[in-house]
Structure formats: C-alpha cells, structure tokens
Number of protein chains: 2
Amino acid sequence: MTLMERRTPDRRKQVIEAASRSFAAFGYKATTMDQVAKAAGVGKGTIYTFFANKEELFEEILKDLIRELRAVAEETVDHSLPFADNLMQVLQRVLGYRDRHALIVKLSQEVRDLGTPMAKEGLETVERSIIAYIAGHLREPMDKGEIQRADPTLTAYMMLKMYLALTSEGSHLHEPLSAEEVLTNFRFYCIEGLAVR
Amino acid sequence: MTLMERRTPDRRKQVIEAASRSFAAFGYKATTMDQVAKAAGVGKGTIYTFFANKEELFEEILKDLIRELRAVAEETVDHSLPFADNLMQVLQRVLGYRDRHALIVKLSQEVRDLGTPMAKEGLETVERSIIAYIAGHLREPMDKGEIQRADPTLTAYMMLKMYLALTSEGSHLHEPLSAEEVLTNFRFYCIEGLAVR
DNA sequence: AACTGACCAAAATAACAATTCGGTCAGTTC
DNA sequence: GAACTGACCGAATTGTTATTTTGGTCAGTT
C-alpha cells in the first residue's frame, strides 16, 4: 500500500490540497486551473478526470470544510454535559482554527470587493450547512428543557448572526475582540439575554 | 412672512426635498445634480449656494433622516414605563415607516449591487448614529436594574445587528417576517435569551 | 489506461473613443 | 447688487474594440 502510494501517488488528493490552498490564498476567481495543476504537480487534464469543472472542484473543497467543522463539533460535544457548555467548547475550538478560517475570510472579502457570484454562493452554502447542523442539534436541549423552545432554524440563524457580529463582521464599528471576549459576549447576548433574572 | 415665502420661495427646502426624493428613488450615484435642480425647479448653481458639493447635500439628507428617527424615538418613549416596553413601542413605530425606510433600503441595495463608496459611508454613518443613540439610552435602564449591565456600545451594536438579521438581511435564508413576528422574535432573542429561567 | 499539455472558444482585461456629470462663473433678472 | 441661472469645462464614467487570459478538450505520449 505504501509502495503503491509512492508509485501511483493519489492525484485526487494532490489536486484537492493544491486547490484548497489556492482558493484560500487567492479566492475563487483568482484561482486558475493551470495554477492548481502546477501546484498539484499534475497535468491540467488530470483535474478533469476527477472534477467536471472548476465549480465542482470548488464545491468539493467547501464540502471538505463543512465536513471538518462538523467533525470538530462531533468530537467535542459531550452529551452528558449541558448544552451551553458544549456550545462554548465547540465555539472555542472553531475560533482556534485560524488557518481553516482563511478560506471563509478570503471568500467574504472576495464577495465584498469583487462580488464574485460563485464565492457568494459558496459562502451561502456553508452558512446554510452550519445553520442546518445547529438547528438539528437544538431539538434535544429544547426537549430536555435546557434552553427555551423556539423555531430551531431561526434560532440557529440568529446564533450564527450573533457569532459573526462578534467576530468577522463590523470590525470597523467595534474593536476586534479576543477569542475569550467573543466567548463571554456570545454567552451573554445569545444565551443569557438582556433581561434581569 | 407668508407673502415673502410666496415671493421668494425657500429654495433650500425645495432642494432638500427634491434631493431627498431622488436619493430614495435612485440612490446616490444615479442621482444627478442636474436632475435635482430640475426637480426642485431651481438652477443648478443655486444648489451650490447652499451645499458645497453633492456629498454635503447627501449628508444633509442623512442628518435629516437621523433627526427624524431620533424624534420618533423621543416622542414615543415614556420614561415611567419599563425599558423593554419602550423599546418594543419604538421598534413598532420605526417598522411602520416603510416610506422613510426607502432611502435606507435603496442605499443598501446600491452598496450590494454597485458598491458605491458614498452610499456605504452614508449607511455606516446612520448605523453609528443609531448605535450611539441606543447606547446613550442604555445606561439608565442598566442603572435602574431593568436590564443586565454590559458595555452599552457593544450592546447597542448587537441589538441593531439582531434587528437587521430579523428584517432586511438574510431574507433569502428565512421567510420575510411580519412586523409582529419581528417584534416577538426580537424580544425573545435580544431580551429574554435562550437560557431557561 | 493514466496522464499530459498544446490547442480552442469564450470570457476577462486593456486601450481608447464617446458621453455624462459634478462643479464654476459670466451674465441675466428683479 | 444680491440672488439666481444655465452654458461651459475637465474629470470621471460608459461604450467599443483589440488583446490577453482562462476554463475546458483531446490527440498523442508514457
């Protein structure tokens, strides 16, 4: 197996990794198939034996990202712990993935500066996936009475919006917050609420 | 006075009203000074006796908008009532101002589609004003113990973000909410919080 | 059979011409 | 002579055409 790998290296993996790096570094538009082929040490045609076109290659990279985020959440969550604790743990770990965030950051910038439709679509796909994932994990704590009962999708959407408000977005309106501050404030605004108890 | 007005009509007011309508209808970029002059029934040069340039005219319109929003809030708030009630009342009134919102909506669209820097700057000015206004009105209920104590500016920022998340933004991710639903959900996510009490 | 890279059409970009628009000011009006 | 006007100007935008780049193919090599 190791010998076979050396003889016939996994072209698909090479392509994916080169593409992943390129999309994160230059965005969707500025990443060319020639460039990816060269970075992967592969002929351009080879890419097209695995992916029908640039769009599908991009979608595969996004799927990987989503899969990775999900895996992180999955392995962090301890179902015997309270919902809020798990949420904070996952957030903390996700916040640490600065380099994995690079793609998201780059795509956001590309949408802002260039308005590339594919980048926009990609971000929306990721957003929807995250919302769907969170929503799916809200029913349990709601049933257990750990958090208020409400529409899971809307709740997940609001949670993501609050998270983004505290991190990437509107960094020009308030000072960038440290990871710890993000955590504390997220707990405060999302879980606790403004009302006194 | 009334006779004088008829003889020498208030050119400045004419200009402002024409410009206000034009900016709301066509946005910043697509509003031309020739057009404003014609709509105001005024020579183009006259505009420049009141406003140094297009930018200053635009800023005056925005100041008016902010002044109006503030007035609405001022006359709605009853300091003997609980903070949350006042907040809901003001929100309800502001939500009703569909036509006054036209400028904001148009500018948001312009930023999204054209990326006009001046429109972006204008919206940020309005945002900052609203945040500053809310922040200034948070200290009292915090001191009274009506709401949790926290950084007023960050709190105001989060409140605005939640409001926008429920109204204009992300209407492609969830169905547009009715005014009533916006109110209920805003109360839920911003005031109450997800934690059970 | 797996892989390559020269090749092609379409799309993006650059270069240039034509038009529009913010801003000025000489001249008109009252 | 103060208030006002609109023809006029250069800068910026838009429309047009020439040039280059890039996604995707496929005959040929390994």
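Predicted model, so just to flag it, every value in this text is computed and none were measured. Order of the sequence lines sets the chain letters (A, B, ...), proteins ahead of strands, with each chain counted from 1.
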Regarding the side chain of A:K29, the nearest nucleotide among C:dT24, C:dC21, C:dA12 is C:dA12

May I ask which nucleotide in the shown strands pairs with D:dT29, Watson-Crick or G-U wobble, both distances under 3.5 Å?
-> C:dA2

Value in whole Å for how far the C1' atom of D:dT22 lies from CD of A:Q35 = 11 Å

Whole angstrom is fine here: how far is it from CZ in A:F50 over to P in D:dT25?
-> 16 Å

Candidates D:dT5, D:dG24, C:dT4 - which lies nearest the side chain of B:T46 = D:dT5

Of all residues at least two apart in sequence or in a different chain, which pass the side chain to side chain donor-acceptor pair (under 3.5 Å) check with B:Q148?
-> none

Touch class at under 4.0 angstrom, heavy-atom based, for B:T32 against every strand present | sugar-phosphate

Euclidean distance, atom CZ of residue A:F58 to atom P of D:dG23 [Å, nearest integer] = 13 Å

Give the rounded distance in Å between these two atoms: CD of A:E55 and P of D:dG24.
-> 8 Å

Electrostatic pair A:E60:A:R67 at N-O distance under 4.0 angstrom | yes

Let me know the distance between CE of A:M33 and P of C:dA6, rounded to the nearest Å.
-> 18 Å

First encountered from the 5' end of DNA chain C, between B:Y48 and B:G45 = B:Y48

Hey, is the side chain of A:R11 poking within less than 4.0 Å of OP1 or OP2 on C:dA2, counting only N and O atoms?
-> no

Would B:K63 count as a cation-pi partner of B:F58, with NZ or CZ less than 6.0 Å from the six-membered ring centre and within 45° of the ring normal?
-> no

Greater than 12 external heavy atoms within 6.0 Å of A:E180's CD = no

Starting at NZ of A:K38 and ending at P of D:dG23, how long is that distance when rounded to a whole Å?
-> 14 Å

A:I47 CD1 to C:dA2 C1': how many Å, rounded?
-> 15 Å

Contact class for A:K44 vs. all strands (heavy atom < 4.0 Å): base, sugar-phosphate, or nothing?
-> base

Using atom NZ of B:K54 as one end and atom P of D:dT13 as the other, report the distance to the nearest whole Å.
-> 10 Å

Closest to the 5' end of DNA chain D, once A:A30 and A:A52 are matched to their nearest nucleotides, is A:A30

Kindly write out the residues that satisfy side chain to side chain donor-acceptor pair (under 3.5 Å) with A:S22, not counting sequence neighbours, or none if the list is empty.
-> A:T31, A:Q35

